[in-house]
Amino acid sequence: MNRALPEMLQCSDMTVLQRQRARLKWQTEQLRQQNYFCELSGVFTSQTGFQQGGLMNGAGGGDSVLSNMGMSRQLKPDPGLETAWPELGKINMGFGSCGYGNGPSFDMNHAISRTSSCPPAVAAAVGSKPVEVKGNSEKMGSAVGRESFKKRKVEKLQNSKVVAEDEYKRIKASEEEEEESKITGPNTIKISNNKKQNSGDTSKDNSKVSEVQKPDYIHVRARRGQATDSHSLAERVRREKISERMKYLQDLVPGCNKITGKAGMLDEIINYVQSLQRQVEFLSMKLATVNPSLDFNIDNLYAKEEFPSCTTNFPTVGMAPEMTNHSPFLQFNPIQQVVSGCGVEMGMGMGMNSSDMALRRTISAPVSIPDASFLNTTCFTGPQQQIQPSAPWEVELQNLYNVAFTDTIEASDLEMEM
Amino acid sequence: MWTPCGMARMRPHSSLKQEFLKEWIKGLQRCSFPKKSILERKKAIKLSADIAMASARNGTTCWSRALISSAARDGSDNNHLVKQILGPESDRPAMENKAPAREASVCKKILKRSCRIRRRGRRKCGAAAAAPSSIAKHLVKKRRQILRSLIPGGEFMNEICLIEETLDYITSLRVQVDVMRSLATASVRGTE
């Protein structure tokens, strides 16, 4: 029975649930032969604590589990243990949901490392949680388990995995030993040995990792069923990098969330880039037709304003610079327009951007139209209290305006003179 | 932990827009106003916009360098315009026009040679292309080629670089489109 079970477990046509149940039965038998139930319950309670605590530090959690074991010793007889099973069963559900809900790899690794540090718990498979863990770890074993420890990735995730998987391997080895021996005495020795080994190895791993981090090459672990030569490992690293970047692209390109394949996503990206380029072409053509003399300077500033705000009805203050070229008689026009515009906008509500106000101020300020003061007094007295030109970009705006506007005035003056 | 270049360098969108606008206006001003035809004007506008966009990156990304160097290449049509836009030597971002051109020709030769070899290989094992995975790979390759042709300087990038550059290029294109669109609408309103 004892030998048959691992083989049974490894055959793939059993479902996970069946495996778990078989494991559970086997473990109960094991349990009855040992008297670790007190430790089991201790481990169990601490495990509950850890499940809630967090899932990152496998080895660390394991260490403290053992210490908790020492602290919380609850002696329970066998029947007590059997009554504990339904509790465990209940909590198994919770764990199950936790285990399956969260990132499976982390859970497994954490649980694996926890079980590693308390091999009696491993051997006894306390409750269904470790059983489940074992069942899943068996399943994982098929996916991840027998690995080639060729190289290791330097990232943190992989480090914890590495540590946990190292321990897992040792657990398996120790487990098999325990199966054969079934003696508590040597088990304790083995436990301590394993513990020491684990801690030693974790420290070694950590030191290795820290050493490896200094030179800047990437270490990759090969997964089960994949080739382990350097080319395919490098390929895998490259592919992972590419998929990472593709995720960013997915966020950037609209409508890419539902597409999962690389080809489809590339297609979307290509379409998007092409459409953006076409838009640029079209808009430049439009600008060329709209503005025969390529002087965009005032409109820029309106355009800038439109960035933070939604489109508001801008009065045709764009006429203002052109007015400078014409006779002063016409200069009254823009003022009237501005006034009317302001009236409209104040009617719209005081939801005017302070930026708009600041802009009009800047337009009027450097322009040497005598009516600028008029503008200021009439239109801007009201909303002027709202003006808070403290935003840095507004300062930039004003600077840009000053630079651009003076240039255009000069250019347009030159044109006029010519 | 890698962050994409665009995101790492992402100043707030509005400041990027402002910078682009600034550069663009400067470039436009430097152009002699070619009042000849719409096409000429459009070319000038687009060119100055592209160059402004690329120079906003200050030579940090590959596509920006490639764009400017291809525009400023001595054999191109818009050379004089480009030189005007780029302004005096001091303003130009530090790029060498000749080196990329040489690189470009060398790389193109290598690519052509590899394409020829690949084509030969494919003819030999044409039946093997029936496998779905290879079909998928073929599709992906094709699309990657297209993407390379779209992004300036894309032929010289490996895959990872290509995707990063695409990210950056898309953000800059978006900014460009936004600025141009708002400018267009504002100027349209201005002439009403």
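Throughout, protein chains are lettered first and strands after them, A, B, ... in sequence-line order, and every chain is numbered starting at 1.
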Exercise for the section: Could you check A/Lys262 against B/Arg144 for side chain to side chain contact (heavy atoms under 4.5 Å, CB included), going step by step and ending with a plain yes or no? Expected result: CA-CA 10 Å; A/Lys262 224 194 230 183; B/Arg144 248 186 240 133; 3.4 Å; yes

Handout entry: From CD (A/Gln274) to CG (B/Leu150), nearest 0.5 Å
Key = 5.0 Å

Problem - Distance, nearest 0.5 Å, that separates CE of A/Met265 from CZ of B/Arg143 - result: 12.0 Å

Exercise for the section: Counting only heavy atoms closer than 4.5 Å, note whether A/Phe282 contacts chain B via side chain, backbone, both or neither. Expected result: neither

Handout entry: A/Gln279 side chain near B/Arg181 side chain, heavy-atom distance below 4.5 Å
Key = yes

Fill in the blank from the handout: Rounded to the nearest 0.5 Å, the CZ atom of A/Arg278 sits from the CG atom of B/Leu173 at a distance of 12.0 Å

Problem - Euclidean distance, A/Arg239 CZ relative to B/Ile160 CD1, rounded to 0.5 Å - result: 12.0 Å

Handout entry: Atom pair CD/CD1 of B/Gln145 and A/Ile270 - distance to nearest 0.5 Å
Key = 10.0 Å

Fill in the blank from the handout: Ranking A/Val253, A/Ile269, A/Val273 by heavy-atom pairs under 4.5 Å to chain B gives rank one to A/Val273

Practice task
Would you name the heavy atoms of B/Ala184 and A/Leu283 that are closest together and state the gap between them?
Solution key: CB-CD2, 4.2 Å

Handout entry: 4.5 Å side-chain heavy-atom contact, A/Leu252 and B/Arg174
Key = yes

Problem - Beyond-backbone contact of A/Leu266 with B/Leu139, side-chain heavy atoms, under 4.5 angstrom - result: no

Practice task
Mind checking the CE-CE spacing from B/Met180 to A/Met285? Nearest 0.5 Å is all I need.
Solution key: 11.0 Å

